[in-house]
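Numbered from 1 within each chain, the chains take letters A, B, ... in sequence-line order.
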There are 2 protein chains.
Amino acid sequence: MTKPEQRRRTAKQRLLQAADDLFYSEGIHTVGIDRVIAHAGVAKGSLYYSFTGKDELVHEYLIHRHGKWAERVTAGIEAHTDPRARILAVYDVLGTLFAQPDYRGCAFMNATAEAAPDSVEAQAATTFRAWVHNLFLDLASDVDAGDPKQLAETLVLLYDGAVATAQMDRAPEAARTARRTAELILDNADLRHIEAEAQAL
Amino acid sequence: MTKPEQRRRTAKQRLLQAADDLFYSEGIHTVGIDRVIAHAGVAKGSLYYSFTGKDELVHEYLIHRHGKWAERVTAGIEAHTDPRARILAVYDVLGTLFAQPDYRGCAFMNATAEAAPDSVEAQAATTFRAWVHNLFLDLASDVDAGDPKQLAETLVLLYDGAVATAQMDRAPEAARTARRTAELILDNADLRHIEAEAQAL
DNA sequence: ACGACGTTAGACCGGCCTGTCTAAATAGGC
DNA sequence: GCCTATTTAGACAGGCCGGTCTAACGTCGT
C-alpha cells in the first residue's frame with residue numbers, strides 16, 4: 001500500500017486538481033480528457049486507473065467543490081456567535097469568493113446548465129442545493145423571526161442572486177448588495193415579530 | 001423573391017424554432033446540428049444556406065430569446081401605470097415564466113456557463129444584461145426612492161435570484177419570494193426617503 | 001417557359017472525443 | 001530483492017461533430 005503522503009502528489013490528486021481548474025473555468029463538456037491529463041501532467045492510463053471514466057472524475061470534481069465551499073462558509077459562520085451576524089457572514093464569504101480573479105459563477109449552476117436531468121452533474125447539484133437550504137434553514141431558525149422557513153427561502157434567493165449577478169456582470173459588489181438586503185429583511189422580520197408579540201399581550 | 005408568408009414555414013424559421021427548443025432544453029454544446037436539422041425536418045444544406053454556420057444559428061437563437069422575453073416583460077410592465085406596480089409586475093411575469101413546464105433557467109446564464117469569454121454566446125449575454133440593467137434602472141428612476149442606481153442593483157439581484165433559485169430547485173414560487181422582498185425594499189426606500197425629506201425641512 | 005431561389009438527400013472529410021489496450025518503467029513495503 | 005501497486009507513452013478503435021459538396025427537384029415571378 002502506498003501512503004497518502006508522497007514527495008510528489010499522486011496521479012489521482014493531480015487529476016482532480018486539473019479537473020477542478022479546467023472544468024470550472026471552461027465548462028465540463030468543453031474540456032476533453034486529453035486536456036485534463038495534459039494539465040495534470042499525467043498519462044491517460046492513470047485516469048482510467050484512478051477513475052472509471054470521465055463521469056466519475058466529474059462527480060468527484062463536484063463533490064470536492066462542495067466540500068471546499070462548505071468548509072469555507074462554515075468557517076465564516078463560526079467566527080460569529082450572534083445568530084444575525086452568522087447569517088450575514090455567509091454573504092461576506094460570498095464577497096471573498098467573488099473577489100477571486102478566476103470567479104466564474106457557481107460550479108453547480110454551471111454544471112446544471114450543460115447537463116442532462118439524470119446526469120452525475122444533476123445528482124451532485126441536488127445534493128449541493130439540499131446543503132444550501134439546510135444551511136440557511138438552520139441559520140434562520142436561530143434568529144428571532146416569524147417564519148424560519150420563509151426567511152430561509154428569501155436568504156437562499158439572495159444568495160443565488162448574488163452568485164448569478166456576480167457572474168453575469170462580473171460584479172463582486174453583488175455580495176454587499178445581498179448582505180444589505182438581508183439586513184433589511186432581518187430588521188423587518190424582527191420588527192414584525194415584536195409587533196406580533198406586543199399584540200399578543 | 002419568395003413572399004414571407006407561405007403555407008409551410010420556411011426552412012430558416014423551422015431551424016430557428018428547432019434551435020430554440022433544443023438549445024434551450026439541452027444546452028448548446030450538447031446539441032449537434034444533426035439533431036437540429038432532424039428536429040426541424042430540414043436538410044443539412046438548408047442550414048448552411050440560411051446561416052453561415054452553427055455559431056450564427058446560436059447567435060440568432062439567443063437574439064430571438066432576448067426579443068421574445070423583452071416583449072413579454074414590457075407587456076407586463078405596461079399593464080400598470082403606478083411606478084411601484086410596474087416594478088413588481090416584472091416579478092409577476094417571472095412567475096408566469098417559471099410556471100412553464102419546460103422552464104430550465106435563463107438561456108443567457110446557461111449559455112454563459114458553457115461558453116468561452118469571447119464567444120457569440122458571451123456577446124449576446126452582454127447585450128441581454130445591459131437590457132436588464134437598463135430596464136430596472138428606468139423603473140427605479142420613476143419611483144420615489146433615494147438612489148435609483150442602488151435600488152436598481154438590488155432589483156436586478158432579486159431578479160437573478162428568482163431565476164437561479166427557480167431553476168436549481170425547480171421552485172416556481174421563487175417569483176413570489178422575490179416580489180415580496182422587492183415590496184419590502186420599496187416600502188423601506190420610501191420610508192427612508194420621506195424621513196430624509198422631513199429632516200431637510 | 002425560362003431562370004433564380006429555395007430546398008432536398010446523402011456522401012464525404014478532417015478533427016476531436018471517450019475509452020481500450022499493450023508493454024514497459026518506477027516506485028514502496030516487507 | 002521480490003512483489004504488488006502505480007504510472008508511463010502511445011497506438012488504436014468507434015463515434016459524433018461541424019462543415020463542404022454535388023446533383024437534382026420544386027416553385028414562383030415574369
Side-chain angles (χ1 to χ4, degrees), chain A residues 1-23 25-62 111 114-116 118-121, chain B residues 1-62 111 114-116 118-122:
Chain A
M1 302 284 178
T2 318
K3 289 246 182 85
E5 278 82 22
Q6 282 175 305
R7 291 201 334 281
R8 197 219 207 195
R9 287 156 72 221
T10 185
K12 185 167 187 174
Q13 290 174 310
R14 313 182 94 236
L15 281 166
L16 218 40
Q17 180 62 51
D20 197 66
D21 292 349
L22 297 176
F23 287 156
S25 66
E26 301 185 35
I28 293 167
H29 283 345
T30 318
V31 175
I33 50 169
D34 289 337
R35 297 270 317 281
V36 177
I37 63 172
H39 191 268
V42 143
K44 184 182 270 193
S46 293
L47 197 163
Y48 289 95
Y49 181 82
S50 307
F51 304 92
T52 61
K54 190 186 183 182
D55 269 9
E56 194 175 274
L57 180 61
V58 168
H59 197 209
E60 294 211 15
Y61 147 64
L62 289 172
E114 48 174 333
D118 55 341
S119 56
V120 288
E121 293 96 319
Chain B
M1 304 280 180
T2 317
K3 290 247 182 82
E5 279 81 25
Q6 281 175 306
R7 292 202 331 282
R8 197 219 208 196
R9 289 157 71 222
T10 185
K12 185 167 186 173
Q13 290 173 310
R14 313 183 94 237
L15 281 166
L16 219 40
Q17 180 62 51
D20 197 67
D21 293 347
L22 296 177
F23 287 157
Y24 178 71
S25 66
E26 300 185 35
I28 292 167
H29 283 345
T30 318
V31 175
I33 51 169
D34 289 338
R35 297 269 318 278
V36 176
I37 63 173
H39 190 266
V42 143
K44 184 181 270 194
S46 292
L47 197 163
Y48 289 94
Y49 181 83
S50 307
F51 304 92
T52 60
K54 190 187 183 182
D55 269 9
E56 194 176 273
L57 180 61
V58 168
H59 198 210
E60 294 211 14
Y61 146 65
L62 289 171
E114 48 175 333
D118 55 342
S119 56
V120 287
E121 293 96 319

Using a heavy-atom cut-off of under 4.0 Å over every strand shown, decide if Val36(B) touches base, sugar-phosphate, or nothing. nothing

Exactly one candidate in Leu15(B), Asp55(B), Leu16(B) meets side-chain contact (heavy atoms from CB on, under 4.5 Å) with Glu60(B); the answer is Leu16(B)

Do any side-chain nitrogens or oxygens of Ser46(A) fall under 4.0 Å of OP1 or OP2 in dT8(D)? yes

Provide, to the nearest angstrom, the distance between the NE2 atom belonging to His29(A) and the C1' atom belonging to dC17(D). 14 Å

Does one side chain, of Glu26(B) or Thr30(B), offer a donor that lies under 3.5 Å from an acceptor on the other? no

Quickly work out the Lys12(A) NZ to dT8(D) P distance and round it to whole Å. 15 Å

Are any non-hydrogen side-chain atoms of Leu62(B) and Phe23(B) less than 4.5 angstrom apart? no

Mapping Gly45(A) and Gly45(B) to their closest nucleotides on DNA chain D, which lands nearer the 5' end? Gly45(A)

Rounded to the nearest Å, what distance is computed from the CD atom of residue Gln13(B) to the C1' atom of nucleotide dT7(C)? 14 Å

In whole Å, what is the span from the OH atom of Tyr48(B) to the P atom of dA9(C)? 17 Å

Heavy atoms from C-beta onward define the side chain here; which of dT7(C), dT8(D), dG19(C) lies closest to that of Lys54(A)? dG19(C)

Distance-minimising heavy-atom pair for Glu56(B) and Ser50(B): OE2-O, 3.9 Å

Separation of dT7(C) atom C1' from Ile37(B) atom CD1, nearest Å, is 13 Å

Mapping Ile28(A) and Ser50(B) to their closest nucleotides on DNA chain C, which lands nearer the 5' end? Ser50(B)

Candidate nucleotides dA11(C), dT18(C), dG6(C), ranked by approach to the side chain of Lys44(B) - the nearest: dA11(C)

If you take all heavy atoms of Val31(A) and Val36(A), which pair is closest and at what distance? CG1-CG2, 3.8 Å

Rounding to a whole Å, what distance do you find between Leu47(A):CG and dT20(C):C1'? 13 Å

State whether Thr30(A) places a side-chain N or O below 4.0 Å from either non-bridging phosphate oxygen (OP1 or OP2) of dC17(C). no

Tyr49(A) vs dT6(D): side-chain N/O to OP1/OP2 distance below 4.0 Å: yes

Among dT8(D), dC5(C), dC17(C), the nucleotide that comes nearest once only the side chain of Asp34(A) is considered: dC17(C)

Can you tell which of dT20(C), dG6(C), dG18(D) lies closest to the side chain of Ile33(B)? dG18(D)

Spacing of Arg14(B) atom CZ relative to dG6(C) atom P, expressed in whole Å: 17 Å

In terms of side-chain heavy atoms of Thr10(A), which of dA9(C), dT7(D), dG19(D) is nearest? dT7(D)

Find the distance Asp55(A):CG to dC17(C):P and express it as a whole number of Å. 16 Å

